[in-house]
Amino acid sequence: MRFIKREGSIDEEKVKRSCSEFGLEPAFARLLVSRGIADIRAFLQPKKEDLHDPFLFKNMQISCDRIRKAIENQEKIAVYADYDADGICSASILCSALRENGALVSPYIPDRKTEGYGTNPDAIRKICEKGFSLIISVDCGIRSVDDVALAKSFGTDFIILDHHETGDLPDTPYIIDPKAEDESYPCRELWGAGVVFKTVSALFGEKMMKYIDLAGIATIGDIVSLTGENRVIASLGIEKLKYDPNPGIAALCRAAGIEMEKIASRQVSFGIVPRLNAAGRLSHAKFALELILTNDREKREKLALWLTNLNAERQSKQTDIFTEAAAQVIREQNLL
């Protein structure tokens, strides 16, 4: 557990104003103020207007220019994604947005067991040899120095949309990561699908709000700080899930017995996200991606039921592993 020591006294005037303006109990208002919540209204009542300008990212303009060039020239674009819920939602948002705007795009998600996390040289080589002139990595790629160099040797450009901590950066001008050392974007804790959502918003404007539900699922599922812009996207995402969810997510909720009109962060965390993650853990994440992207209603229903059953299998295996581990602790007292 991580503890944060908070210095100084609480601004009691701000506590009083918050109680008066928002009808808060003093104890709750004092808690918000003590935790450094500067904008109480934005924290309690997040709005679309609280979203930041995506062009505050240093490399957003040149990255968008490269994507627009690829669309105009009908270049083949590969979207390389991680296999967890964040990666799946990231790929879903980007593939959908690009396709509806005329791009030739294909997703690629590595196999968790045989390829592992992130990009790998075999996959990058295959993608380049198939004639893809642009690779966009989502929720991964910020440490892919060698793989970006490999793509470059084929003449393939590489855009990185990631949120992980950085080290030596890959040799590409198209890096969008809020944790990059020279980045000044206001929300450093933005996550993978959040970076993708900001990118498609920069590319295609406000109509990309149609994907806020997928961005919200990934926000909650990736367990990032639910403050600032993350809180706005999570809140707006839940609202969209209630009245206009992605059809694949709606099918998944039906299979899971989740009532859409009552959905909240708990149902996202313990209902939707584990079922999306189950695909990559016990089979292949491409099936969860297909659930979200397909226009075939019958296929959606079958995939939703399959993912629900797969998640039940995952839960059973997890229980067995825990039971076995606990028994081992009892047998081998030195483990205590």
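From a predicted model like this one, the values you see are computed outputs, not experimental measurements.
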Drop me the distance from [X]'s [atom1] to [Y]'s [atom2], to the nearest 0.5 angstrom.
X      : Y      : atom1 : atom2 : answer
Leu236 : Ile212 : CG    : CD1   : 5.5 Å
Lys76  : Gln74  : NZ    : CD    : 12.0 Å
Ile272 : Ile217 : CD1   : CD1   : 4.5 Å

Mind checking whether [X] and [Y] have side chains closer than 4.5 Å, heavy atoms only?
X      : Y      : result
Asp162 : Val195 : no
Thr227 : Arg35  : no
Cys64  : Met60  : yes
Tyr185 : Glu229 : yes
Val268 : Leu241 : yes
Asp177 : Leu169 : no
Ile249 : Asp213 : no
Cys253 : Ile263 : yes

Check this for me: [X], atom [atom1], are more than 12 non-hydrogen atoms of other residues, nucleotides or ligands nearer than 6.0 Å?
X      : atom1 : result
Asp320 : CG    : yes
Ile223 : CD1   : no
Glu25  : CD    : no
Lys317 : NZ    : no
Arg297 : CZ    : no
Glu129 : CD    : yes

Between [X] and [Y], is there a donor-acceptor pair closer than 3.5 Å when you use the side chain of the first and the backbone of the second?
X      : Y      : result
Ser96  : Ser92  : yes
Ser20  : Lys16  : no
Asp139 : Ala81  : no
Thr156 : Ser133 : no
Asp86  : Ala193 : yes
Asn277 : Ala85  : yes
Ser316 : Ala312 : no
Lys240 : Lys210 : yes

Is the ring pair Tyr108/Tyr80 parallel, tilted or perpendicular, if the boundaries are 30 and 60 degrees? tilted
Starting from the C-alpha separation in whole Å, work towards a yes-or-no answer on salt bridge (Lys or Arg N to Asp or Glu O under 4.0 Å) for Glu239 and Lys242. CA-CA 5 Å; Glu239 285 306 305; Lys242 289 179 179 179; 3.5 Å; yes
Looking at every heavy atom in both [X] and [Y], which two are closest together, and how far apart are they?
X      : Y      : result
Lys14  : Ala38  : NZ-O, 2.9 Å
Ile160 : Ser137 : CA-OG, 3.5 Å
Ile62  : Pro173 : CD1-O, 3.3 Å
Asp168 : Val145 : O-CG2, 3.3 Å
Cys140 : Gly118 : CB-CA, 4.2 Å
Ile10  : Ser34  : CD1-CB, 3.8 Å

Matching residue for Ile220 among Asn230, Ile238, Val273 - test: side chain to side chain contact (heavy atoms under 4.5 Å, CB included): Ile238
Could you pull out all residues at least two apart from [X] that satisfy salt bridge (Lys or Arg N to Asp or Glu O under 4.0 Å)?
X      : value
Arg112 : none
Arg99  : none
Asp82  : none

Determine which pairs satisfy salt bridge (charged side-chain N to carboxylate O under 4.0 Å, His left out) with at least one residue from residues 258-278, sequence neighbours left out, and list them in order. Glu259-Lys262
Which residue pairs satisfy the salt bridge (charged side-chain N to carboxylate O under 4.0 Å, His left out) criterion with at least one member in residues 140-160, sequence neighbours excluded? Arg66-Asp157, Lys152-Asp171
Check against salt bridge (Lys or Arg N to Asp or Glu O under 4.0 Å), Glu75 and Arg68: CA-CA 10 Å; Glu75 299 176 48; Arg68 288 194 183 97; over 6 Å; no
Verdict with supporting geometry, Arg125 and Asp122, salt bridge (Lys or Arg N to Asp or Glu O under 4.0 Å): CA-CA 5 Å; Arg125 186 175 292 105; Asp122 288 341; 3.6 Å; yes
Check: residues 44-51 side-chain donor-acceptor pairs under 3.5 Å, at least two apart:
{"from": "Lys48", "atom 1": "NZ", "to": "Glu206", "atom 2": "OE2", "distance (Å)": "2.5"}
{"from": "Asp50", "atom 1": "OD1", "to": "Arg41", "atom 2": "NH2", "distance (Å)": "2.8"}
{"from": "Asp50", "atom 1": "OD2", "to": "Arg41", "atom 2": "NH1", "distance (Å)": "2.9"}
{"from": "Asp50", "atom 1": "OD2", "to": "Arg41", "atom 2": "NH2", "distance (Å)": "3.4"}
{"from": "Asp50", "atom 1": "OD2", "to": "Lys47", "atom 2": "N", "distance (Å)": "2.9"}

Answer yes if Phe158 and Phe57 sit in the same cluster of Ile, Leu, Val, Met, Phe, Trp and Tyr residues linked by side chain heavy atoms under 4.5 Å apart, and no otherwise. no
With a 3.5 Å cut-off and no angle check, do the side chains of Glu115 and Asn120 form a donor-acceptor pair? yes
Under the criterion side chain to side chain donor-acceptor pair (under 3.5 Å), I'd like the reasoning laid out for Glu313 against Asn309: C-alpha separation, chi angles, the key distance, then a yes or no. CA-CA 6 Å; Glu313 181 183 344; Asn309 292 334; over 6 Å; no
Between Lys302 and Glu298, does the salt bridge (Lys or Arg N to Asp or Glu O under 4.0 Å) criterion hold? Intermediate values first, please. CA-CA 6 Å; Lys302 287 181 178 179; Glu298 184 177 352; 3.3 Å; yes
Test side-chain contact (heavy atoms from CB on, under 4.5 Å) on Thr199 and Ile136 and set out the steps. CA-CA 11 Å; Thr199 302; Ile136 307 176; over 6 Å; no
Arg188 and Lys179: CA distance, side-chain angles, deciding distance, side-chain contact (heavy atoms from CB on, under 4.5 Å) verdict: CA-CA 6 Å; Arg188 191 176 187 275; Lys179 293 186 177 71; 3.9 Å; yes
